[in-house]
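Taking it in order: structure first as structure tokens, then the write-up.
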Amino acid sequence: MKVEHRLRENRDFRRVFNRGRSSATDKLVLYWARNRGSNFRVGFSVSRKVGNAVQRNLIKRRLRACFDRFLPELLGKPADFVVVCRKNASQATYQQLENDVLRLLKRAKFMI
RNA sequence: AAAGUAAGCUGGGCAAUCGCCGGUGCAAGGCCGAAAGGUCGCACGGGAGGAAAGUCCGAGCUCCAUAGGGCAGGGUGCCGGAUAACGUCCGGCGGGAGCAAUCCUAGGGACAGUGCCACAGAAAUGAAGACCGCCGAUGAAGGUGCAAACCUUACAGGCAAGGAUGCAACGGUGCGGUAAGAGCGCACCAGCGGCCUGGAGACAGGUCGGCUAGGUAAACCCCACCUGGAGCAAGACCGGAUAGGAGUGCACAUGUGGUGGCCCGCCACGCACUCGGGUUGGUCGCUGGAGCAAUCCGGCAACGGAUUGCCUAGAUAGAUGAUUGCUACUCCGCUGUGCGAGGCUUGGGGUGUCCCUAUGGAACAACAAUUUCAGAGGGACACGGACAAUCCGUUUGCAGCACUGGAGCACAAAACUCGGCUUACAGGCUUGCUUUCCAC
RNA sequence: GGCCCCAUGGUCAAGCGGUUAAGACACCGCCCUUUCACGGCGGUAACGGGGGUUCAAGUCCCCCUGGGGUCA
């Protein structure tokens with residue numbers, strides 16, 4: 001995932017949490033908000049309650065791989081996303097995570 | 001072979017496609033940015049661990065003075081060595097556990113001082129003290145006696161052996177000794193001190209001596225040694241912005257800060273509060289090092305030395321993921337086959353009981369009959385194990401092969417870098433030693 | 001990533017190394033009241049885990065576990 005698609009600053013995260021809208025499944029929560037740029041950005045938040053460092057890193061890598069797959073359809077849409085993981089996300093396979101991300105993006109009307 | 005014990009190694013493998021993060025070479029222009037700087041192309045090659053973890057110690061490195069003096073505080077604590085250093089490691093000593101291999105051991109000082117030792121107990125450290133108890137030699141009172149002496153009382157007094165308390169009671173056991181006792185004397189044992197021998201030393205062995213000294217220092221403490229503080233969010237550089245403001249208070253070195261325990265010393269300088277304003281960009285530090293591997297040499301070992309070869313992550317919301325094939329290991333299910341085991345049936349054989357047949361012996365004086373015993377043959381019923389054949393079934397349990405399908409595959413991820421310690425860990429492999437058994 | 005702190009009933013919390021580990025709120029039972037509340041009496045319930053020092057550990061030492069704080 002390229003640098004311009006990453007959400008990096010703490011104030012950006014806070015802005016998405018405060019101003020944005022949200023939707024959730026049992027494993028993931030998606031927050032989104034419009035931004036002033038010309039492209040989308042994504043940030044991931046996995047707390048220590050989800051698991052140890054190995055499990056948290058694995059989840060983040062898999063979520064990044066999900067967004068890589070949906071990259072062509074998201075390209076050019078000016079929005080910031082934050083994906084928050086819930087506890088049972090540590091047991092999920094890649095396919096389950098991808099299904100959840102797709103459902104959430106459809107619900108947020110960013111994908112058809 | 002089994003049981004045990006110690007140490008070491010490994011931590012699935014081979015590939016394909018799409019992505020992520022560094023590096024090297026070529027190319028030299030575009031894009032982003034105010035700038036510093038970043039990014040984009042092609043090719044090649046690289047990309048988590050033994051604990052990367054916990055952050056418990058030690059070092060390098062950086063800043064504070066080149067890290068200085070004193071006090072306080074903290075740490076370590078048998079001896080010798082290794083090391084850059086250590087609370088680590090190696091070798092030994094003492095003590096403890098084990099048949100043994102081996103393992104454990106914060107293991108200096110309790111005559112420098114202070115504190116504490118609850119409850120119980122007479123008494124918990126001062127050579128003090130006596131509840132039950134022992135004694136009545138000596139003294140006293142009484143009695144018997146001519147006297148010597150003996151008896152009684154347990155009053156004066158003597159004792160600490162035995163009982164009782166407790167984690168612990170002022171050396172232990174035995175003999176002598178005594179009125180009863182006591183290191184009072186002796187022997188052995190434990191402990192203490194001196195001397196001798198061995199050893200580098202901790203210490204060990206021997207000998208002599210006086211006869212005896214509670215525990216606790218992971219209580220304060222004493223002694224010896226070590227220790228300045230902070231930490232890569234350290235710190236350095238580049239670029240930008242704002243500001244060199246306003247008000248109030250203190251002050252001219254006796255002040256404030258650096259300096260984060262205090263004092264001295266050193267360095268720098270007006271300082272504190274309120275109001276107002278601004279920044280939270282980039283690069284370096286950042287990976288060639290007390291580095292790794294092999295061989296040889298020195299050393300019991302930790303480790304050291306020499307030669308040759310090798311380069312092996314460097315992110316910053318934080319780089320390893322997705323899809324797929326083959327394969328190793330473990331488990332589960334299904335199908336088929338064989339073996340073993342189970343069940344049914346049949347066959348021959350066995351044992352027991354009953355009946356029949358003939359024979360022989362015994363009981364009655366004899367014969368017959370009867371009763372009883374023995375083995376033989378035949379029949380019926382029952383029994384359980386083994387053998388052979390056939391069939392059934394794979395429900396339960398065991399072993400192996402092939403095929404197909406599924407699941408699992410530990411603990412856990414660098415964040416400046418090393419040396420250790422501690423903790424977590426599926427499975428697999430190797431080696432040494434000890435004890436017991438078996439075979440030769 | 002570095003550096004610190006804490007852990008005692010359901011909750012908030014005391015506790016020099018020495019009895020049966022205070023206390024408050026909550027909970028349960030009884031009394032009081034026509035009833036509820038208030039009040040009174042009684043009761044249940046705890047030292048995060050594992051080693052070590054000590055005669056004796058909630059307390060002292062070491063190692064884990066789980067919470068919390070802080071930095072530019």
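Every chain is numbered from 1 and lettered A, B, ... according to where its sequence line falls, protein lines coming before strand lines. Remember, it's a predicted structure, so these values are computed and weren't measured experimentally.
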Task: For A48(B), glycosidic torsion class - syn if within 90° of 0, otherwise anti - done: syn

- [ ] Rounded off to whole Å, could you give me the CZ-to-C1' distance for the Phe70(A) and C18(B) pair?
- [x] 15 Å

Open item on the list: Please report the distance separating the C1' of G80(B) from the corresponding atom of A301(B), rounded so that it comes out in whole Å.
Closed with: 13 Å

Open item on the list: Can you tell me the base-pairing partner of A219(B)? Count Watson-Crick or G-U wobble geometry only, both distances below 3.5 Å, and say none if there is no partner.
Closed with: U114(B)

Task: G-U wobble or Watson-Crick pairing nucleotide for U19(C) (cut-off 3.5 Å, both distances) - done: none

Open item on the list: Counting only side-chain heavy atoms from C-beta out, which of A322(B), U323(B), G19(B) sits nearest to Asp68(A)?
Closed with: G19(B)

TODO: Please determine, for A82(B), whether a Watson-Crick or G-U wobble partner exists with both distances under 3.5 Å, and give it or none.
DONE: U88(B)

Task: Atom C1', compared across G10(C) and U44(C): separation rounded to whole Å - done: 12 Å

TODO: Could you tell me the separation between the CZ atom of Arg61(A) and the P atom of A322(B), rounded to a whole number of Å?
DONE: 9 Å

Open item on the list: Taking A122(B) as the reference, what is the distance to U114(B) when you measure between their C1' atoms (whole Å, please)?
Closed with: 28 Å

Open item on the list: Syn or anti for U312(B), given that syn means the glycosidic angle lies within 90° of 0?
Closed with: syn

Open item on the list: Here's a test of your reading of the structure: between Gln95(A) and Asn57(A), which maps to the more 5' nucleotide of RNA chain B?
Closed with: Gln95(A)

Task: Complementary nucleotide for C275(B) - Watson-Crick or wobble, under 3.5 Å - done: G245(B)

- [ ] Could you state the atom-to-atom distance from CD of Gln55(A) to P of A410(B) in whole Å?
- [x] 11 Å

TODO: From the options Phe70(A), Phe110(A), Tyr31(A), select the one residue that forms a ring-ring contact (aromatic ring centres under 6.0 Å, His included) with Phe81(A).
DONE: Phe110(A)

Task: Inter-nucleotide P distance (A322(B), G408(B)), Å rounded - done: 14 Å

Open item on the list: Within 90° of 0 counts as syn, otherwise anti: where does G30(B) fall?
Closed with: anti

Task: Under 3.5 Å on both distances, the Watson-Crick or G-U partner of G235(B) - done: C284(B)

TODO: Could you pull out the closest heavy-atom pair between Arg56(A) and Val46(A), with the gap in Å?
DONE: CD-O, 3.6 Å

- [ ] Considering only atom C1', compute the distance from A315(B) to G23(B) and round it to an integer number of Å.
- [x] 14 Å

Task: Pair assignment for A72(B), Watson-Crick or G-U wobble, requiring both distances under 3.5 Å - done: none

TODO: Provide the closest heavy-atom pair for Tyr94(A) versus Arg69(A) in the form atom of the first, atom of the second, distance.
DONE: OH-CD, 3.1 Å

Open item on the list: Roughly how many Å apart are C411(B) and U434(B), using the P atom of each and rounding to a whole number?
Closed with: 39 Å

Task: Of Leu58(A) and Gly43(A), the one whose closest RNA chain B nucleotide lies more 5' - done: Gly43(A)

TODO: For G50(B), decide between syn and anti, treating a glycosidic angle within 90° of 0 as syn.
DONE: syn

Task: C271(B) versus U287(B) - spacing of their C1' atoms, nearest Å - done: 45 Å

Open item on the list: Tell me which nucleotide, if any, is Watson-Crick or G-U wobble paired with U351(B) when both distances must be under 3.5 Å.
Closed with: A382(B)

TODO: Send over the distance from Lys60(A) NZ to G321(B) C1', rounded to a whole Å.
DONE: 14 Å

Task: Phosphate contact (A319(B) OP1 or OP2) by Arg64(A) side-chain N/O below 4.0 Å - done: yes

Task: Distance, rounded to the nearest Å, where Arg41(A) contributes CZ and A317(B) contributes C1' - done: 12 Å

Task: Anti versus syn assignment for G299(B), with syn defined as within 90° of 0 - done: anti

Task: Residues that Arg86(A) engages under salt bridge (Lys or Arg N to Asp or Glu O under 4.0 Å), provided they are two or more places apart - done: none

Task: Set of side-chain contact (heavy atoms from CB on, under 4.5 Å) partners for Ser23(A), sequence neighbours left out - done: Trp32(A), Leu104(A), Arg107(A)

- [ ] Could you work out which one of A412(B), U323(B), U320(B) sits closest to the side chain of Tyr94(A)?
- [x] U323(B)

Task: Paired nucleotide for A6(B) [Watson-Crick or G-U wobble; both distances under 3.5 Å] - done: U431(B)

Task: Nearest-angstrom distance, C1' atom, C175(B) to C196(B) - done: 34 Å

Open item on the list: Would you say Leu97(A) ends up clustered with Val54(A) if hydrophobic residues are merged whenever their side chains have heavy atoms under 4.5 Å apart, either directly or through other cluster members?
Closed with: no

Open item on the list: Among A322(B), A319(B), A412(B), which nucleotide has an atom closest to any side-chain atom of Arg69(A)?
Closed with: A322(B)

TODO: For the residue pair Phe44(A) and Phe67(A), categorise the inter-ring angle as parallel (less than 30°), tilted (30 to 60°) or perpendicular (more than 60°).
DONE: perpendicular

TODO: Could you work out which one of G318(B), A322(B), A412(B) sits closest to the side chain of Arg62(A)?
DONE: A322(B)

